[in-house]
K.L.:
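Next up is a structure, given as structure tokens.
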Amino acid sequence: MDWFNLSLTLPITDPTWIFLLVLLIILFAPILLNKLRIPHIIGMILAGLVIGEHGFNILVRDSSFELFGKVGLYYIMFLAGLEMNMGDFKKNRGKAVMLGLLAFVIPIGIGLVTNMMLLKYSLVTSVLLASMYASHTLVAYPIVIRYGVSRHRSVSIAVGGTAVTDTLTLLVLAVVGGLFKGESGGLFWLWLVIKVVFLGALIMYSFPRIGRWFFRRYDDNVMQFIFVLAMVFLGAGLMEFVGMEGILGAFLAGLVLNRLIPHVSPLMNHLEFVGNALFIPYFLIGVGMLIDIHVIFGQGDALKVAAVMIIVALVGKWIASWLTQKIYKMAPIERELMFGLSNAQAAATLAAVLVGYNIILPNGERLLNEDVLNGTVLLILVTCVVSSFITERAARKIAMCEAHLEEERTVEAERILIPVANPDTIEYLMNLSLLIRDTKQKDNLLALNVINDNNTSEGLELRGKRYLEKAAMITASADVPLRQITRYDLNIAAGIIHTAKEYEVTDVIIGLHRKVNIVDSFFGMLAENLLKGLHREVMIAKFLIPINTIRRIIIAVPPKAEYEAGFQKWVEHFCRMGGTLGCRVHFFANEETTVRLQALVKKKYGQTLTDFSRLDDWGDLLILTGQVNYDHLLVVISARRGSISYDSSFEKLPAQLGKYFSNNSLIVLYPDQLGEPQDAVSFSNPRNEAQHYEKVGKWVYKWFKEPVGGINLS
């Protein structure tokens, strides 16, 4: 039979088999390389070398590899901008600029000398070739994501330095390219700078506003994912339109959308998943297919050029990382991680060599000849291998060190309970819990649906199951497990209280009650009963806009709030939330409380952007009406009756919130009231003295309240 007579012709051209082979490489390369202790990135590049036309010629680097490879390249730069801790970056931007300048100046200086003296190239060729040594691509960035250290200081410095270095490199590339296009007039340089600055400002101004508008109106996960990809390619396309490389536009898009895509959100998980599963491996395999291993044995000049390029690139990047570490007195492991991230050559290097290779000089020669082209491919291979090994080792050490420190620090087991009864509030309650939870603790989210004992309708049970499944889908899309609990009880409040005690819950998040009639209270009977029967932290939340579009968190703190047992916990929650959202946390408190807040934030949450303002008259929150905008979150720290920070003015709080802040997203928080405040009694500190007299006052009150026979004076 003719159909049975199959003949395999190489290279494979059928799209089905091409895609299957690539998927098998992506699947099995990590499995094999884990046993050999080789970074996955190297495996993808080596696999591309084996199957490419310079290997066994199984596949041709066709348009699919160019398309998916370009998407993967943009994805690497976009994720680098998206993963960056903006608060930490702003804190370390001086270090990032220093590393970027050193990583550009030192390699280009050494390269210019070696290219002219050892390789005997002309000045223009030497400048373009030296700029290739200076550029680098964050090929090893997926490694730091995998180890969970992407927000470490040295990573932020390396990513910021990449932006500086690649911008300068691509400017050199644009200028050299312009020289051979007849565009080197007097205004060429000025016009290029103006275009880049104008476009950068346009992206930074318009993209966040467009993104915030879109996310507020459309909450479908697929639409949000496609929208983000469209913004990435819009930024890349605009950069290419003005003569720069698209990787800068993709990186800038990641930076400006950083605040709208929280690190723990479902959307972030989708973006990382698609990129790491498909687009980035496609790019790495495509890079491997460019490598012609035969040049090592065939041409001595190519080997000499490659050796010079590799040595100069590695030495220049190491000196830049070493100087940055010494100037800012950083740890040696931080230097190692900066060097690992900043020495891989790929994107900008390929762009530069292809531009130079395609420029034909008047004498018929190419600006960058075939020796440089082949040497560049070897440079990419060696630097990617070195970058991957060094980054893997440094990231593992940092992750192990941080894990060891976490083990030594005694942390209360966190369990956050989210009752789900209203389908309209499930999404923002679950997103709020994802933002405030401790990511280092596992299985700390519980969703609860309470069914009244008096109502045994099967429809209620099915509806509650759907609510729990919806909550689980939200957390699962962020790769966070959720424990689902269904409970029968006398009423909802009793079910929540009993569940909280049985599961040792530390925090409860509920939605704000909606008034159904004029005599109904602002918080509702559920919240009032919870506060009476539960002494753990309770958050009562109302959100009018998606949480990821919040631009500022404004927290009103009452006097003596620092003496409550749950003070440090709620500060940690909102600092964590502000850090994840990339927005400022603005505290309003009196002088004594502000001093304590500043000390606590500086000691433990210094990376969070914070502001502090005076609020002496807690009885009148109207001064905050001019501070809270529509896209802000107002947090009011309240207290239960009889607690240290309770004030009679709290009685007016529901009326004030309902009248003056009805159009604002809102959280009213009642902190933990278990145990004693943590400060020791020391009259050298006025706050400790005040705390001491609070205790004494309670004891005296108890003494005079009880019968004389009930007091043990011993």
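These figures come from a predicted structure and were not determined experimentally.
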K.L.:
Once ring-ring contact (aromatic ring centres under 6.0 Å, His included) is applied, do any residues pair with F207, and if so which ones, sequence neighbours excluded?
P.N.:
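ring-ring contact (aromatic ring centres under 6.0 Å, His included) check on F207 returns nothing, list empty.
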K.L.:
Hey, mind stepping through F78 and V228 against side chain to side chain contact (heavy atoms under 4.5 Å, CB included) and telling me if it holds?
P.N.:
CA-CA 10 Å; F78 171 67; V228 171; 3.4 Å; yes
K.L.:
Give a yes or no on whether the backbone of L267 and the side-chain of N221 come within a donor-acceptor separation of less than 3.5 Å.
P.N.:
no
K.L.:
Who passes salt bridge (Lys or Arg N to Asp or Glu O under 4.0 Å) against E240, sequence neighbours left out?
P.N.:
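Expected list: K70.
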K.L.:
Could you please spell out the steps behind the side chain to side chain contact (heavy atoms under 4.5 Å, CB included) verdict for F241 and L199?
P.N.:
CA-CA 10 Å; F241 179 74; L199 180 57; over 6 Å; no
K.L.:
For residues 12-26, which side-chain N or O atoms pair as donor and acceptor with protein atoms under 3.5 Å away, sequence neighbours left out?
P.N.:
unit_1: D14; atom_1: OD2; unit_2: T16; atom_2: N; d: 3.0
unit_1: D14; atom_1: OD2; unit_2: T16; atom_2: OG1; d: 3.4
unit_1: D14; atom_1: OD2; unit_2: W17; atom_2: N; d: 3.4

K.L.:
The test is ring pair (Phe, Tyr, Trp, His ring centres under 6.0 Å); show your working for Y282 and F65 and say whether it passes.
P.N.:
CA-CA 7 Å; Y282 237 111; F65 283 96; 5.2 Å; yes
K.L.:
Can you confirm whether M204 sits close enough to L252 that some side-chain heavy atom of one is under 4.5 Å from a side-chain heavy atom of the other?
P.N.:
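Yes. Closest side-chain heavy atoms under 4.5 Å.
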K.L.:
What residues, two or more places apart in sequence or in another chain, satisfy salt bridge (Lys or Arg N to Asp or Glu O under 4.0 Å) together with R216?
P.N.:
D631
K.L.:
Looking at CE of M268 and CG of L82, how far apart are the two atoms once the value is rounded to the nearest 0.5 Å?
P.N.:
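The distance works out to 4.0 Å.
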K.L.:
If I compare all heavy atoms of P107 with all of K317, which pair ends up nearest, and what's the gap?
P.N.:
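Shortest heavy-atom separation between P107 and K317 comes out as CG-N, 4.3 Å.
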K.L.:
Between the main-chain N or O of F339 and the side-chain N or O of N343, is there a donor-acceptor pair closer than 3.5 Å?
P.N.:
yes
K.L.:
Just jot down the ring-ring contact (aromatic ring centres under 6.0 Å, His included) partners of F279, sequence neighbours excluded, or say none.
P.N.:
F68, Y75
K.L.:
Roughly how far apart are L435 CG and Y428 OH, rounded to 0.5 Å?
P.N.:
14.0 Å
K.L.:
Can you sort out the partners of R393 under salt bridge (Lys or Arg N to Asp or Glu O under 4.0 Å), two or more places apart, ordered by chain and number?
P.N.:
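So R393 forms a salt bridge (Lys or Arg N to Asp or Glu O under 4.0 Å) with E336.
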K.L.:
For Y147, give me all partners under ring-ring contact (aromatic ring centres under 6.0 Å, His included), at least two apart in sequence or on another chain.
P.N.:
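Here no residue qualifies.
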K.L.:
Of all residues at least two apart in sequence or in a different chain, which pass the side-chain hydrogen bond (donor to acceptor under 3.5 Å, both in side chains) check with R212?
P.N.:
none
K.L.:
Kindly compute the distance separating CZ (F56) from CD1 (I51), expressed to the nearest 0.5 Å.
P.N.:
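Atom-to-atom, F56:CZ and I51:CD1 are 11.5 Å apart.
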K.L.:
Can you measure from CZ (R259) to OG1 (T549) and round to the nearest 0.5 angstrom?
P.N.:
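Between R259 CZ and T549 OG1, I get 10.5 Å after rounding to 0.5 Å.
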K.L.:
Between atom CG of L255 and atom CD1 of I203, what is the distance when rounded to the nearest 0.5 Å?
P.N.:
10.5 Å
K.L.:
Counting only N and O atoms by type, is there a donor-acceptor contact under 3.5 Å from the side chain of R576 to the main-chain atoms of I436?
P.N.:
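The answer is yes, because a donor-acceptor pair under 3.5 Å joins these two groups.
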K.L.:
Report the residues that fulfil side-chain contact (heavy atoms from CB on, under 4.5 Å) with N431, sequence neighbours left out, ordered by chain and then residue number.
P.N.:
P266, E427, L434, I474, I547
K.L.:
Give the minimum heavy-atom separation between L445 and R437, together with the two atoms involved.
P.N.:
CD1-CD, 4.0 Å
K.L.:
Step through it carefully: locate the ring centre of Y74, locate the ring centre of F233, and say whether they are under 6.0 Å apart.
P.N.:
yes
K.L.:
Where do G275 and P281 come nearest, in terms of heavy atoms and distance?
P.N.:
O-CD, 3.5 Å
K.L.:
Hey, does the side chain of R61 reach the backbone of G52 with a donor-acceptor pair shorter than 3.5 angstrom?
P.N.:
no
K.L.:
Between D479 and N269, which heavy-atom pair has the shortest distance, and what is it?
P.N.:
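Of all heavy-atom pairs spanning D479 and N269, the closest is CB-OD1, 3.8 Å.
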K.L.:
Could you tell me which residues satisfy side-chain hydrogen bond (donor to acceptor under 3.5 Å, both in side chains) with S64, sequence neighbours excluded, listed by chain and number?
P.N.:
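Counting only residues at least two positions away or on another chain, S64 forms a side-chain hydrogen bond (donor to acceptor under 3.5 Å, both in side chains) with D62.
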K.L.:
Mind checking whether L99 and M338 have side chains closer than 4.5 Å, heavy atoms only?
P.N.:
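With C-beta onward as the side chain, the pair touches.
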K.L.:
Would you check, one step at a time, whether the test side chain to side chain contact (heavy atoms under 4.5 Å, CB included) holds for V256 with M231?
P.N.:
CA-CA 10 Å; V256 298; M231 298 300 287; over 6 Å; no
K.L.:
Answer yes or no: is there a donor N or O on one side and an acceptor on the other, between the side chain of S387 and the main chain of G340, under 3.5 Å?
P.N.:
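Yes: the side chain of S387 pairs with the backbone of G340.
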K.L.:
If we check side chain to side chain contact (heavy atoms under 4.5 Å, CB included) with V308, which of these qualifies: I310, V312, I311?
P.N.:
V312
K.L.:
Are any non-hydrogen side-chain atoms of L59 and P11 less than 4.5 angstrom apart?
P.N.:
no
K.L.:
Taking the side chain as every heavy atom from C-beta outward, state whether M430 and L482 have any atom pair closer than 4.5 Å.
P.N.:
yes
K.L.:
Identify, with sequence neighbours excluded, every residue that meets ring-ring contact (aromatic ring centres under 6.0 Å, His included) alongside Y218.
P.N.:
F214
K.L.:
Are any non-hydrogen side-chain atoms of L337 and T391 less than 4.5 angstrom apart?
P.N.:
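Touching, per the 4.5 Å side-chain cut-off.
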K.L.:
Please confirm whether the backbone N or O of P262 pairs with a side-chain atom of S265, one donor and one acceptor, at under 3.5 Å?
P.N.:
yes
K.L.:
The criterion is side-chain contact (heavy atoms from CB on, under 4.5 Å); which residues satisfy it with M473, sequence neighbours excluded?
P.N.:
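Partners of M473 by the side-chain contact (heavy atoms from CB on, under 4.5 Å) criterion come out as none, since no residue qualifies.
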K.L.:
At what distance, to the nearest 0.5 angstrom, does OG1 of T162 lie from CD1 of I157?
P.N.:
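The CD1 atom of I157 is 11.5 Å from OG1 of T162, to the nearest 0.5 Å.
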K.L.:
Mind listing the closest non-hydrogen atom pair of L260 and P208 along with its distance?
P.N.:
CD1-O, 3.6 Å
K.L.:
Please check this pair: side chain of K470 against backbone of P423, looking for a donor-acceptor N/O pair closer than 3.5 Å.
P.N.:
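Checked: pair present.
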K.L.:
Go through the steps for Y467 and I426 under the test side chain to side chain contact (heavy atoms under 4.5 Å, CB included), then give the verdict.
P.N.:
CA-CA 8 Å; Y467 293 166; I426 291 176; 3.7 Å; yes
K.L.:
Give the minimum heavy-atom separation between I333 and A394, together with the two atoms involved.
P.N.:
CD1-CA, 3.8 Å
K.L.:
Is there side-chain contact between L446 and I416, with heavy atoms separated by less than 4.5 Å?
P.N.:
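No, side chains not in contact.
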K.L.:
Can you find a heavy atom in the side chain of V305 that is under 4.5 Å from one in the side chain of M309?
P.N.:
yes
K.L.:
Does the side chain of S388 come within less than 4.5 Å of I143's, by heavy atoms?
P.N.:
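Side chain of I143 against side chain of S388, heavy atoms only: contact under 4.5 Å found.
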K.L.:
Does this structure show an ion pair linking E334 with R153, if we count only N-O contacts that are shorter than 4.0 Å?
P.N.:
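R153 and E334: salt-bridged.
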